Amino acid sequence: MARHARPQNKPRSFLSSLFRGVLKLLGGFFLMLVVTVLLLRFIDPPTWSWRIHRAIDPLANYPQQPLHHWVSLRQMPPSVPLAVVASEDQRFPLHHGIDLDAIQDALQAADRGKPLRGASTLTQQTAKNLFLWSERAYSRKFLELGLALLLELLWDKHRILEVYLNIAEFGPGVYGVGAASEYWFHRPLRDITPRQAARLAAVLPNPWRYRAEPATPYIQERSLWIGQQMAQLGYAWLDPVLE
């Protein structure tokens, strides 16, 4: 009696192979990302996604030669990191990349009719500037959260703050506090005053709209508030980060 050949389930075999291929691709991408993040803990990034995006799709008044030079965190006046933390993420020494309290406060404020704030931590902003794109989208926010957790896992707070302060945009094509000090105040970073540090921090929400010098009434008011927050926090607030 002739045997009947067992029919092969080719569609299932194909889908299984495709699934394994996708897993391998994702695993390879994640491994490459982990290696890159580890390297950037010790190597200063030569460029980053935010700067690349600006170069590819420049806005009006974007300079042909962007300004940037690296300044280590230990060479910065302590008023500079304190001003940025006071302005952008006061719980930076405490959280692990995502500030759930800030997210809850932002949602509660939105329920009261106020505009929804981003509640992004400095770690999230560092991840966005390094690896992601500028358009607001849920997909980008999801990746930003994951990258922030990865940075907190593989870097220390000192390195996160140092990288952020050196790649954040403080004016059209002005990257990092070192270039920002020379661009706005015509003096090296080591010579700026706490008041000027507060003005640099005040322009961070929109460096294409706000000017640190001459300061508009809004920037004067905002920098005054930042100075008050700096006084309340105190320089010792960042001691665990700056060590």
Side-chain angles (χ1 to χ4, degrees), residues 20-57 66 68-76 80-82 84-85 87-103 118-170 173-180 201 204 207 238-243:
R20 288 196 298 268
V22 170
L23 284 182
K24 289 180 180 179
L25 184 64
L26 291 176
F29 176 78
F30 181 73
L31 179 61
M32 183 175 64
L33 177 62
V34 169
V35 171
T36 301
V37 172
L38 278 173
L39 288 175
L40 290 177
R41 177 171 181 172
F42 307 101
I43 302 172
D44 300 334
T47 190
W48 47 95
S49 65
W50 194 268
R51 183 171 176 176
I52 293 171
H53 172 77
R54 290 284 197 225
I56 294 174
D57 187 20
H68 175 258
H69 63 267
W70 197 271
V71 181
S72 71
L73 190 57
R74 290 186 173 88
Q75 293 176 323
M76 297 179 191
V80 172
L82 182 61
V84 171
V85 167
S87 173
E88 298 291 301
D89 183 5
Q90 294 188 7
R91 289 173 49 82
F92 177 71
L94 305 179
H95 62 65
H96 299 288
I98 301 172
D99 191 346
L100 297 178
D101 290 341
I103 293 174
S120 292
T121 64
L122 285 177
T123 311
Q124 290 175 247
Q125 294 180 49
T126 304
K128 177 188 68 177
N129 289 347
L130 271 176
F131 298 112
L132 301 176
W133 58 94
S134 59
E135 286 77 14
R136 294 185 177 183
Y138 287 113
S139 57
R140 194 214 73 188
K141 199 67 177 179
F142 177 77
L143 292 173
E144 180 184 301
L145 292 173
L147 286 167
L149 294 175
L150 186 62
L151 288 181
E152 290 276 348
L153 179 65
L154 299 180
W155 294 4
D156 55 20
K157 291 284 189 179
H158 183 106
R159 182 59 173 170
I160 293 170
L161 187 57
E162 180 176 64
V163 171
Y164 176 80
L165 291 170
N166 276 285
I167 69 174
E169 197 172 20
F170 288 85
V174 181
Y175 297 99
V177 289
L204 279 171
L238 289 184
D239 282 350
V241 176
L242 300 179
E243 290 176 354

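Fair warning: this is a prediction, and the values are worked out from it, not measured in the lab. Just the heavy atoms: all of them, side chains too, but no hydrogens, waters or symmetry mates, feed the values below.
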What's the spacing between [X] [atom1] and [Y] [atom2] if we round to 0.5 Å?
| X | Y | atom1 | atom2 | value |
| --- | --- | --- | --- | --- |
| Leu154 | Arg159 | CG | CZ | 13.0 Å |
| Arg140 | Leu143 | CZ | CG | 9.5 Å |
| Arg51 | Ile167 | CZ | CD1 | 11.0 Å |
| Leu132 | Phe142 | CG | CZ | 12.0 Å |
| Arg41 | Leu38 | CZ | CG | 8.0 Å |
| His69 | Asp44 | NE2 | CG | 12.5 Å |

Where is the tightest heavy-atom contact between [X] and [Y], given as atom of each residue plus distance?
| X | Y | result |
| --- | --- | --- |
| Leu204 | Ala168 | CD2-CB, 4.1 Å |
| Ala148 | Gly97 | CB-O, 3.9 Å |
| Pro81 | Leu161 | CB-CD2, 3.7 Å |
| Met76 | Val71 | CE-O, 3.2 Å |
| Leu165 | Phe170 | O-CE1, 4.1 Å |
| Ala127 | Leu147 | CB-CB, 3.7 Å |

Under a 3.5 Å cutoff, is there a donor and acceptor pairing between the side chains of Ser120 and Gln125?
no
So, His95 and Asp89: side-chain donor and acceptor under 3.5 Å apart, yes or no?
yes
With the side chain counted from C-beta on, respond yes when [X] and [Y] share a heavy-atom pair under 4.5 Å apart, and no when they do not.
| X | Y | answer |
| --- | --- | --- |
| Leu33 | Val37 | yes |
| Val84 | Phe92 | no |
| Leu40 | Val163 | no |
| Tyr164 | Val177 | no |

For Trp48 together with His68, are the ring centres under 6.0 Å from each other?
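So the answer is yes for these two rings.
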Quick one, Lys128 with Ser49, criterion side chain to side chain donor-acceptor pair (under 3.5 Å). Give me CA distance, side-chain angles, the key distance, then yes/no.
CA-CA 8 Å; Lys128 177 188 68 177; Ser49 65; over 6 Å; no
NZ/NE/NH1/NH2 to OD/OE distance under 4.0 Å, Arg74 and Glu162
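No, Arg74 and Glu162 are not salt-bridged.
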Please list, chain by chain and in numerical order, all residues satisfying salt bridge (Lys or Arg N to Asp or Glu O under 4.0 Å) with Arg54, sequence neighbours excluded.
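Per chain and number, Arg54 pairs via salt bridge (Lys or Arg N to Asp or Glu O under 4.0 Å) with Glu169.
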Crowding at NE2, His96 (>12 non-hydrogen neighbours, <6.0 Å)
no
If the condition is side-chain hydrogen bond (donor to acceptor under 3.5 Å, both in side chains), which residues does Asp99 pass it with, not counting sequence neighbours?
Arg91
Sequence neighbours excluded, the answer for side-chain hydrogen bond (donor to acceptor under 3.5 Å, both in side chains) partners of Thr36 is none
